[in-house]
Number of protein chains: 2
Amino acid sequence: MQPTELPKELAARRIDRPVPLREHVYQAMQELIISRRLAPGQHLVESELAQMLGVSRQPVREALQWLNNEGWVDLRPGYGAFVHQPTPDEADQLLAVRSLLESESARLAATQADEEGIARLRDLNKQGFEALAADDVDTAVALNAAVHRCVTELSGNKVLLDFATQVDRRVRWYYTPIARQRGKQSWQEHAKLIDAIENRDAEAAARIMQEHTERTRKSYLEQRDADGEQEQQLIELPTRRRRRSSPAKG
Amino acid sequence: MQPTELPKELAARRIDRPVPLREHVYQAMQELIISRRLAPGQHLVESELAQMLGVSRQPVREALQWLNNEGWVDLRPGYGAFVHQPTPDEADQLLAVRSLLESESARLAATQADEEGIARLRDLNKQGFEALAADDVDTAVALNAAVHRCVTELSGNKVLLDFATQVDRRVRWYYTPIARQRGKQSWQEHAKLIDAIENRDAEAAARIMQEHTERTRKSYLEQRDADGEQEQQLIELPTRRRRRSSPAKG
DNA sequence: TTCTAGTCGACTGCCTACAGCATACAGTCC
DNA sequence: GGACTGTATGCTGTAGGCAGTCGACTAGAA
């Protein structure tokens, strides 16, 4: 089988290796999944992935475990890994949980944040406006994520941060397309949020964050109804025979 | 090295093996950690665990990954696994997040739950009162967890359920001792909660759940201040030499 | 005594190989 | 012709082993 373009890159990385191979595998596969080049529901055969990425099955297995934790793939013991099927329902549920976690974060941040943290927030938001003005959408999206993350960090609750990070990662799978479309308003809402935090007004901060995230959720729903999924070029993992799916139940 | 008492048990299990070994390893280790026979901060050497449990390193590695996801151990790449150090701070943060997630669950359950689900709740709570009357603390603790889980299931938000389950597992590490002490009041609160859900009063349900869980949190803090940690007999993992800890940073 | 270089060995990360199960296919019996 | 059984083979789970890395210990010098 001729490897896709990835193995050379991996082979290169392999030379300076303080970072475990599984990390690279993890990242490569995450990219493939996010970009939908591996189709939802697709069976991921360890040996094929290993060959494709130029490593053995071991690091692939470990990477698959991580991907499983983070909701990118589903593991069925004895039957291997399958790319997770994102459903509209799940997206909505994720966004709901995100809203919950982040509004609580904002509430806590209003009482916990220090001056330096608030300054950091302001700076990020300023950069966001600038990216917006420069039409630099990628940067704006990244900065948006950074603002939200920063608020959660300022909550001072590490557990909350952990969970919010998890949700955020998964949400972005669905959400990136919309994130690219919400413009100035979003950053104005951030500004208000930061004001509330600075004024130590916990309730206001929580409310603003909730409205802010709920608006995102609504955008998602609208967009979803508006346009269908666009097709993507899938990686055809070459096998002669392939298991159809999970075992017949019962 | 002479294995501890575990390997025979595992060896027996090994005969009827539809379940992967790593599952058994996972459960065995979780038990050892919860019971504090593996000390917080202790370095878990794969080969020793493998020998102790009578399996090879591979299933141990995979079990460690799971344990890591769920917060029981911390993995430091290149340095192995360490039993997670639970701190009072973290416990408090976990309980705070739990409160958040569960009160939202209650809110949603009030609008989403069906008759059958509510009946299930009532039944669990009835059993809880009975266990309490019979002084069967273990059953009462289990039923308490079941009630909370059931509410979260009835929320209809699978993501919320996922996270709540995670939190719950970890919380129980700290929390079991107090859970054993909260008595009748707790079950009366459940009853009120179920009433609110049945009446479709989302706000009341959320409020009751929040107060209920916050009360637990307070109990935890009080208890923590009251008595210190009792010592436990640790498993001495036999090695000649052992790395002290993680590498010197920077 | 304290600092430094060198050596030893423990431990992780990774690879290869094998065993067992599950599926798919082909041939056989009713 | 349809159901059943036997066989080939893909794929996972697990074992075992090798190499590189990092910490601990030791000896020698300042």
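Letters go in sequence order (proteins before strands), and every chain restarts at 1.
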Output the rounded distance in Å from [atom1] ([X]) to [atom2] ([N]).
| X | N | atom1 | atom2 | value |
| --- | --- | --- | --- | --- |
| E62(B) | dG13(C) | CD | C1' | 14 Å |
| L21(B) | dA19(C) | CG | P | 16 Å |
| Q51(B) | dA15(D) | CD | P | 13 Å |
| D74(B) | dT12(C) | CG | C1' | 17 Å |
| L44(A) | dG13(D) | CG | P | 13 Å |
| H43(B) | dA10(C) | NE2 | P | 14 Å |
| E23(B) | dT14(D) | CD | P | 9 Å |
| Q58(B) | dT12(C) | CD | P | 14 Å |

So which nucleotide from [options] ends up closest to the side chain of [X]?
| X | options | value |
| --- | --- | --- |
| Y79(A) | dC11(C), dA22(C), dC18(D) | dA22(C) |
| P59(B) | dA15(D), dC15(C), dC22(D) | dA15(D) |
| P20(B) | dC14(C), dG13(D), dC11(C) | dG13(D) |
| R57(A) | dG13(D), dA15(D), dC18(D) | dG13(D) |

Taking every non-hydrogen atom, the tightest pair across A63(A) and R22(A):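 Scanning both residues completely, I find the closest heavy atoms to be CB-O, 3.7 Å.
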
Any base atoms under 4.0 Å from R22(A), or only sugar-phosphate, or nothing? Heavy atoms, all strands.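 Result for R22(A) = sugar-phosphate.
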
Students often get this wrong, so: under 4.0 angstrom with heavy atoms, is E46(A) touching a base, only sugar-phosphate, or nothing?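 Since only primed, P, OP1 and OP2 atoms lie under 4.0 Å of E46(A), the category is sugar-phosphate.
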
Would you find a donor on one side and an acceptor on the other, under 3.5 Å apart, between the side chain of T165(B) and the backbone of L161(B)?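 Pair found, side chain donor or acceptor close to backbone of L161(B).
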
Hey, is the main chain of G156(A) close enough, under 3.5 Å, to the side chain of Q93(B) for a donor-acceptor pair?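 Yes; at least one donor-acceptor contact below 3.5 Å.
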
Please verify the inter-ring angle class for Y26(B) with W66(B); under 30° counts as parallel, over 60° as perpendicular, anything in between as tilted.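 Perpendicular, since the angle between the ring planes exceeds 60°.
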
Parallel, tilted or perpendicular, judged at 30° and 60°: which one describes the rings of F163(A) and F163(B)?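 Ring orientation, 0 to 90° scale: perpendicular.
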
Do the side-chain N or O atoms of R61(B) get closer than 4.0 angstrom to the phosphate oxygens (OP1, OP2) of dT12(C)?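 No, outside the criterion.
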
